[in-house]
Amino acid sequence: MKHLFAVVFLFCMSETILAQNNLAQRLFDAHDTFKEKSVVERRAFKHRHLLPLIDKAKSNAHFTVTEAGKSFEGRSIFQVKYGKGAPPVLLWSQMHGDEATATMAMLDIFNFLSASGDGFDDLRKKLQEKSTLYFIPMLNPDGVERWQRRTAQEIDMNRDALRLQCPESKLLKSLQQTLKPAVGFNLHDQSPRYSVGESKEVAAISFLATAYNEERTINSIRERAMQLIVGMNRELQKFVPNQVARYSDEFEPRAFGDNIAKWGTSLVLIESGGYKNDPEKQYLRKMNFIAILTALEAIADGTYARENRNDYEKIPQNGRNHYDLIIRNAKTELNGQTYTVDIAINRNEVNNADATAFSYRSSVEDFGDLSVFYGIDEVDAQGAMLVDAKGKPVVLRLGDRGNFELRSDKKSWKVESGFLKSL
């Protein structure tokens with residue numbers, strides 16, 4: 001009898017996984033249909049651009065849109081409700097004003113939930129009848145206006161869960177306390193230079209089931225977050241293979257994620273990292289769209305409970321092994337002596353005057369033997385000499401701009417603002 005039960009369980013599990021994988025592929029293929037076309041540049045999308053999209057949601061009978069509160073500078077913070085069942089789920093984006101990837105994905109999800117007659121109606125019906133979704137897009141609109149992490153008060157809202165000095169922080173806690181969501185999705189962006197463990201792969205998406213105490217105890221609340229992440233990881237592997245990582249779970253007593261888990265909500269942190277040739281994070285936007293919708297289905301029908309939480313620990317942790325550019329085996333000269341160095345350069349985004357666009361400011365971060373690190377872009381200089389535009393040898397210092405040339409009889413390059421070009 002036990003053997004029969006095990007066979008039936010494994011069959012049901014395989015059927016569930018097959019259905020979820022099929023959904024993930026269908027969502028991937030259809031995403032462009034639902035993509036909110038008015039938002040393609042992260043910095044250019046401000047609170048004033050959100051307002052007409054909120055009005056559009058208000059016109060859809062399936063949504064209930066309310067003003068949940070106001071920011072420190074008086075900007076409206078909206079709550080978009082979808083569904084009428086249990087369990088309740090709370091999702092919020094742009095707690096940090098300069099982390100917009102999930103806000104874009106959330107707008108795509110609004111378009112998805114508003115549509116019909118396209119083969120996804122069964123999913124919409126399931127989400128509507130078996131869950132209640134509460135979306136908070138752009139929790140920190142004052143930070144968005146400046147394209148900065150912190151609020152108008154210069155406080156990191158994600159370290160304000162105890163003192164609650166920001167009105168936005170008070171609002172988030174109030175929502176958690178009154179809605180009592182079974183699951184919360186805390187949606188962020190992380191550095192695009194995190195590695196998947198010690199590998200050469202950049203972390204496109206990182207997950208975390210936040211700890212609620214110093215001991216990092218796993219109770220049923222945290223276990224549910226782990227199970228949801230196991231499912232999302234499996235689904236994303238098809239589209240970003242070996243590029244999903246796990247964020248460090250050290251307990252941070254001031255952080256919202258950790259406290260929300262302590263207050264009884266399974267907290268799933270999603271961090272959008274880096275993906276090659278995707279500076280505006282449009283591909284990672286699609287990954288959020290897929291991960292969130294497949295997780296919401298697993299919550300609505302309870303299939304997440306079949307996941308093995310031990311698979312969560314198998315997801316590699318974030319490492320810090322990447323630079324934007326590594327030049328290997330360059331030659332430099334000092335005091336008449338020539339020696340070989342590797343050079344690591346990062347390209348940092350710098351806002352323009354009204355924080356709607358950016359330029360790059362490059363910086364030499366390290367040099368010497370960098371054989372244990374990886375470059376998102378790499379080149380083997382094969383002994384080319386570091387020189388300036390006049391051909392004079394250059395000795396780099398930490399913090400120098402990435403502007404120089406590499407010259408040899410075989411091949412030469414120019415490095416300008418941290419970008420490599422062949423000469």
### Query
So, Tyr194 side chain and Ala245 main chain: donor-acceptor pair closer than 3.5 Å or not?
no
### Task
Determine, for Trp263 and Lys173, whether the Lys NZ or Arg CZ falls below 6.0 Å from the six-membered ring centre while staying within 45 degrees of the axis.
yes
### Enclosure of Glu129 CD (heavy-atom neighbours >12, cutoff 6.0 Å)
yes
### Task
Tell me, with the steps shown, if Asp377 and Lys276 meet side chain to side chain contact (heavy atoms under 4.5 Å, CB included).
CA-CA 9 Å; Asp377 295 316; Lys276 195 172 177 65; 2.5 Å; yes
### Query
Counting distance only, does the side-chain N/O of Ser408 pair as donor-acceptor with the main-chain N or O of Lys411 below 3.5 Å?
yes
### Task
Taking only Lys NZ, Arg NE, NH1 and NH2, and the carboxylate oxygens of Asp or Glu, determine whether Asp32 and Lys35 approach each other closer than 4.0 Å.
no
## Note on the structure
Heavy atoms of Val196 and Asn242 approach each other most closely as CG2-O, 3.5 Å
### Query
Between Ser71 and Asp142, does a side-chain hydrogen bond (donor to acceptor under 3.5 Å, both in side chains) hold up when you go through it step by step?
CA-CA 7 Å; Ser71 69; Asp142 300 344; 2.8 Å; yes
### Task
Check the pair Glu416, Asn403 against side-chain hydrogen bond (donor to acceptor under 3.5 Å, both in side chains), reporting the backbone distance first and the verdict last.
CA-CA 5 Å; Glu416 189 171 42; Asn403 296 308; over 6 Å; no
### Query
Within a radius of less than 6.0 Å around OH of Tyr360, do more than 12 heavy atoms belonging to other residues, nucleotides or ligands occur?
yes
### Task
Could you check if a side-chain atom of His96 sits within less than 4.5 angstrom of a side-chain atom of Met157, using non-hydrogen atoms only?
no
### Query
Is there a donor-acceptor pair closer than 3.5 Å between any side-chain N or O of Asp342 and the backbone N or O of Leu370?
yes
### Query
Taking all atoms of both residues into account, what is the closest heavy-atom pair of Arg42 and Glu280, and its distance?
N-OE1, 2.9 Å
### Query
Backbone N or O of Ala355 within a donor-acceptor pair of the Lys46 side chain at under 3.5 Å?
yes
### Query
Is any side-chain heavy atom of Val183 less than 4.5 Å from a side-chain heavy atom of Phe185?
yes
### Task
Please tell me if the side chains of Val268 and Met232 come closer than 4.5 Å, counting only heavy atoms from C-beta onward.
yes
### Query
Would the number of heavy atoms belonging to other residues, nucleotides or ligands and lying under 6.0 Å from CZ of Arg216 be above 12?
yes
### Message
Check this for me: Lys130, atom NZ, are more than 12 non-hydrogen atoms of other residues, nucleotides or ligands nearer than 6.0 Å?
### Response
no
### Message
Other residues, nucleotides and ligands only: do more than 12 of their heavy atoms fall within 6.0 Å of NZ on Lys125?
### Response
no
### Query
salt bridge (charged side-chain N to carboxylate O under 4.0 Å, His left out) with Glu223: which residues, sequence neighbours excluded?
Arg309
### Query
Under 6.0 Å from the six-membered ring centre of Phe120 and within 45° of its axis: does the NZ or CZ of Arg26 meet both?
yes
### Query
Any sub-3.5 Å donor-acceptor pair from His322's side-chain atoms to Lys200's backbone N or O?
yes
#### Entry: Test ring pair (Phe, Tyr, Trp, His ring centres under 6.0 Å) applied to Phe110 and Phe112, step by step
CA-CA 5 Å; Phe110 292 167; Phe112 173 85; over 10 Å; no
#### Entry: Near-ring test Tyr283/Phe239, centroid separation under 6.0 angstrom
no
### Task
Please report the closest heavy-atom contact between Tyr304 and Ala298, naming both atoms and the distance.
CD2-O, 3.3 Å
#### Entry: Leu90 side chain reached by Thr265 side chain, heavy atoms, under 4.5 Å
no
### Summary
Between Ser206 and the options Gln190, Gln317, Arg246, Glu271, the side chain to side chain donor-acceptor pair (under 3.5 Å) test singles out Gln190
#### Entry: N/O donor-acceptor pair under 3.5 Å between Asn352 side chain and Ala357 backbone
yes
### Task
Could you walk me through whether Asp160 and Asn158 pass the side-chain hydrogen bond (donor to acceptor under 3.5 Å, both in side chains) test, one step at a time?
CA-CA 6 Å; Asp160 193 37; Asn158 204 24; over 6 Å; no
### Ring-face cation contact, Tyr323 with Arg193, 6.0 Å cut, 45° max
no
### Query
Given Arg285, which of Asp108, Asp278, Thr101 fulfils the side chain to side chain donor-acceptor pair (under 3.5 Å) condition?
Asp108
### Summary
NZ (Lys126) and OG (Ser131) are apart, to the nearest 0.5 Å, by 10.0 Å
### Message
Would you compute the distance between atom OG1 of Thr210 and atom CE of Met226 and round it to the nearest 0.5 angstrom?
### Response
9.5 Å
### Task
Could you name each residue pair satisfying salt bridge (Lys or Arg N to Asp or Glu O under 4.0 Å) that touches residues 392-405, not counting sequence neighbours?
Glu405-Arg407
### Message
Show every side-chain hydrogen bond (donor to acceptor under 3.5 Å, both in side chains) that has at least one partner inside residues 78-92, sequence neighbours left out.
### Response
Trp92-Asn186
### Query
Do Gln243 side-chain atoms and Val202 backbone N/O form a donor-acceptor pair below 3.5 Å?
yes
### Query
Hey, what do you get for CD1 (Ile343) to OG1 (Thr332), rounding to the nearest 0.5 Å?
7.5 Å
### Task
Report the distance from atom CG of Leu284 to atom OG of Ser272, rounding to the nearest 0.5 Å.
5.5 Å
### Task
Could you please spell out the steps behind the side-chain hydrogen bond (donor to acceptor under 3.5 Å, both in side chains) verdict for Gln25 and Asp29?
CA-CA 6 Å; Gln25 184 63 59; Asp29 294 339; 2.9 Å; yes
#### Entry: Identified side chain to side chain contact (heavy atoms under 4.5 Å, CB included) partner of Arg124 from the options Leu127, Asp122, Asp121
Asp121
### Query
Knowing that exactly one of Glu168, Lys70, Glu145 qualifies, which makes a side chain to side chain contact (heavy atoms under 4.5 Å, CB included) with Arg75?
Glu145
#### Entry: Test log, rule salt bridge (Lys or Arg N to Asp or Glu O under 4.0 Å), inputs Glu365 and Arg347
CA-CA 10 Å; Glu365 299 292 326; Arg347 301 182 287 261; over 6 Å; no
### Task
Starting from the C-alpha separation in whole Å, work towards a yes-or-no answer on side chain to side chain contact (heavy atoms under 4.5 Å, CB included) for Leu139 and Ile77.
CA-CA 6 Å; Leu139 181 60; Ile77 300 171; 4.2 Å; yes
### Message
Set out, in order, the CA-CA distance, both residues' side-chain angles and the distance that settles side chain to side chain contact (heavy atoms under 4.5 Å, CB included) for Leu325 and Glu378, then state yes or no.
### Response
CA-CA 6 Å; Leu325 172 65; Glu378 285 199 14; 6.0 Å; no
### Task
Taking all non-hydrogen atoms of both residues into account, name the closest pair between Asn318 and Ala203 and its distance.
OD1-CB, 3.7 Å
### Message
Checking the side chain of Asp156 only, and the main-chain atoms of Arg150 only, is there a donor and an acceptor separated by less than 3.5 Å?
### Response
no
### Query
Pick from Asp118, Leu293, Ile109, Leu27: which one makes a side chain to side chain contact (heavy atoms under 4.5 Å, CB included) with Phe34?
Asp118
### Message
Quick check against the 3.5 Å criterion: does Glu73 have a side-chain atom that pairs as donor or acceptor with the backbone of Ala152?
### Response
no
### Query
Should Arg361 and Glu349 count as an ion pair when the cut-off is N to O under 4.0 Å?
no
